[in-house]
Protein chains: 2
Amino acid sequence: MFDIFEGDFKVQEETNISQAVVSRLPRYFRYLGDLKDEGVERISSHELSVRMNVTASQIRQDFNHFGGFGQQGYGYNVTYLYDEIAKILGLDKKHNLIIVGAGNLGQALANYMNFEKRGFIIKALFDRNTELHGKVLRGGIKIYPMEELENFIRENDIDIAVLTLPKAGALECSSKLVDNGIKAIWNFAHTDLDVPGDVAVENVHLSDSLMKLSYNEKKRFDKE
Amino acid sequence: MFDIFEGDFKVQEETNISQAVVSRLPRYFRYLGDLKDEGVERISSHELSVRMNVTASQIRQDFNHFGGFGQQGYGYNVTYLYDEIAKILGLDKKHNLIIVGAGNLGQALANYMNFEKRGFIIKALFDRNTELHGKVLRGGIKIYPMEELENFIRENDIDIAVLTLPKAGALECSSKLVDNGIKAIWNFAHTDLDVPGDVAVENVHLSDSLMKLSYNEKKRFDKE
DNA sequence: CTACATTTGTGTAATTATTGACAGTTGTTT
DNA sequence: AAACAACTGTCAATAATTACACAAATGTAG
């Protein structure tokens, strides 16, 4: 009788993890990957807390949001935990990406691609600059004109769009992407987007990040 | 008599602003820049809150951490507030940067450079790849061999280092940077750094960010 | 097989962050 | 020039996040 309520509650909770927790998951995943590479089979929240410089309590609490992955008296099995977090993060499935804006950053991301190892496949770039059209980057990724964007999305099962455009075009472009069914935008444009609630946006505002660094550098200087 | 205590307290507080607040400053700065461009002279916390989609209370409280920039019954003078936030973020001074690691990302950042407008001047890149040595990028920025790193830092008043290296070399490199007096590291390497407390580090873990996006996309999908 | 050290999951406390409320000040209108 | 509306700075309340503490479970050593 109580179990039913508990169950319902859990499910509801699972869809409502705070971003504070979510932000930490990739870092856990990274450290667990390292442990795997080192051949470590099991690890306790305490050991991990020392490595990662966080509290063991936070680690246990974070993992518990998704159900218990550990065992009392034993700890966590590294490979199992690694795989589970991968699933939570959606890394067990392939994602098809397009990059909109083939400037320095767009091309760098296309060439960079450690992401492919994790199942994020870049299918194409798009740009309005006609000089770039037809250019082929590493791995045969091609730059297309903007006009082909809509068709490409529909025909290639694209779910994530990377926005590496100047501020001006970004907003307009984001609505076009959304209209064509994109459900996730990785936004490098120097502006905030305004999209429906069912579209995920992850902002990478490099300038903001650099300013934060500048503040923190200054602060430490001021202290002396 | 009381003023003295109040004063002391303020100063102490000023050096201890939470990162939650600091993270919001660049965004305020961005919106204030837009307002300036639009020719808006004054703005209330309420108006700004609508634009930025945050609470007016948070805006007032945030600004108050650094002393009051507004006036009761009037609001905030856009230009004044913009300039004050610039000062807080250390944008009133020039910063000399070097980029360590002249791969795709390093070169893209060097070429990209809207940062120069804000006083972040890239002075040079460094890489171990001999094929790149001597290559000149936009604005005359040159790629040097790693061996010249230490001298260059000392002779060119560098305060910020941008780390765009693969994971393996990043840790070793960061200690070298710190040893030569770097006080701020913008870390794009796929690993956490271990530096003394007086060195500011700002991490830009692109993979982490992408995984977060993947989680949030998945979550929205799960809901239906 | 028993005693003990280890470790998770979880309820609770403490801390931090955000929001609400309002006194006091300023600008504006009549 | 008085009355009123708009607005900040700040105190208090609420909400969210993090840390603590311990019962229950497991592995290990003697």
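Throughout, a chain's letter reflects where its sequence line sits, starting with A, and its residues are numbered from 1.
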Spacing of [X] atom [atom1] relative to [N] atom [atom2], expressed in whole Å:
X: B:E41; N: C:dG27; atom1: CD; atom2: P; value: 14 Å
X: B:N16; N: C:dT15; atom1: CG; atom2: P; value: 16 Å
X: A:L48; N: C:dT7; atom1: CG; atom2: P; value: 12 Å
X: A:I59; N: C:dT7; atom1: CD1; atom2: C1'; value: 13 Å
X: B:N64; N: C:dA17; atom1: CG; atom2: P; value: 16 Å
X: B:F66; N: D:dG9; atom1: CZ; atom2: P; value: 14 Å
X: B:D62; N: D:dT10; atom1: CG; atom2: C1'; value: 14 Å
X: B:N77; N: C:dT26; atom1: CG; atom2: P; value: 16 Å

Margin query: Any side-chain N or O of B:Y76 below 4.0 angstrom from OP1/OP2 of D:dG9?
Written below: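 B:Y76 to D:dG9 OP1/OP2: side-chain N or O found under 4.0 Å.
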
Next item on the list: Look at A:S44 and C:dT6 and indicate whether a side-chain polar atom (N or O) is within less than 4.0 Å of OP1 or OP2.
Entry: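 For A:S44, the contact criterion (side-chain N or O under 4.0 Å from OP1 or OP2 of C:dT6) is not met.
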
Next item on the list: With sequence neighbours excluded, give me every side-chain hydrogen bond (donor to acceptor under 3.5 Å, both in side chains) pair touching residues 87-105 of chain B.
Entry: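 Sorted pair list: A:S214-B:H95, B:E84-B:K87, B:H95-B:D159.
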
Check: With sequence neighbours left out, which residue pairs that include part of residues 166-181 of chain B fulfil the side-chain hydrogen bond (donor to acceptor under 3.5 Å, both in side chains) condition?
Finding: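 Residue pairs passing side-chain hydrogen bond (donor to acceptor under 3.5 Å, both in side chains), neighbours aside: A:D34-B:K167.
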
Checklist line | Which nucleotide in D:dT17, D:dT18, C:dT8 has an atom nearest any side-chain atom of A:S45 | finding: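 Among D:dT17, D:dT18, C:dT8, the one nearest the side chain of A:S45 is C:dT8.
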
Note to self: Run the ring pair (Phe, Tyr, Trp, His ring centres under 6.0 Å) test against B:F126 and tell me which residues pass, sequence neighbours left out.
What the structure shows: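 Expected list: B:Y144, B:F152.
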
Note to self: Return a single string for nucleotides 20-30 of chain D, one symbol per nucleotide in 5' to 3' order, where B is base contact, S is sugar-phosphate-only contact and - is none, cutoff 4.0 angstrom on heavy atoms.
What the structure shows: BB--BBB----

Note to self: Within the 4.0 Å heavy-atom criterion, would you say B:F63 contacts the bases, only the backbone, or no part of the nucleic acid?
What the structure shows: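 Touches nothing.
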
Under 3.5 Å, which donor-acceptor pairs link side chains of residues 50-57 of chain A to any protein atom two or more places apart or in another chain?
| residue | atom | partner | partner atom | Å |
| --- | --- | --- | --- | --- |
| A:R51 | NH1 | A:E38 | OE2 | 3.2 |
| A:R51 | NH2 | A:E38 | OE1 | 2.7 |
| A:T55 | OG1 | A:Q58 | N | 3.1 |

Checklist line | A:T164 side-chain N/O to A:G101 backbone N/O, donor-acceptor pair under 3.5 Å | finding: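 Flag set: sc A:T164 to bb A:G101 pair under 3.5 Å.
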
Next item on the list: Could you tell me whether A:W186 and A:F115 have their ring centroids closer than 6.0 angstrom?
Entry: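 That pair passes the under 6.0 Å test.
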
Next item on the list: With sequence neighbours excluded, give me every ring-ring contact (aromatic ring centres under 6.0 Å, His included) pair touching residues 23-49 of chain A.
Entry: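 Every pair satisfying ring-ring contact (aromatic ring centres under 6.0 Å, His included) with a residue in residues 23-49 of chain A: A:Y28-A:F63, A:F29-A:Y82.
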
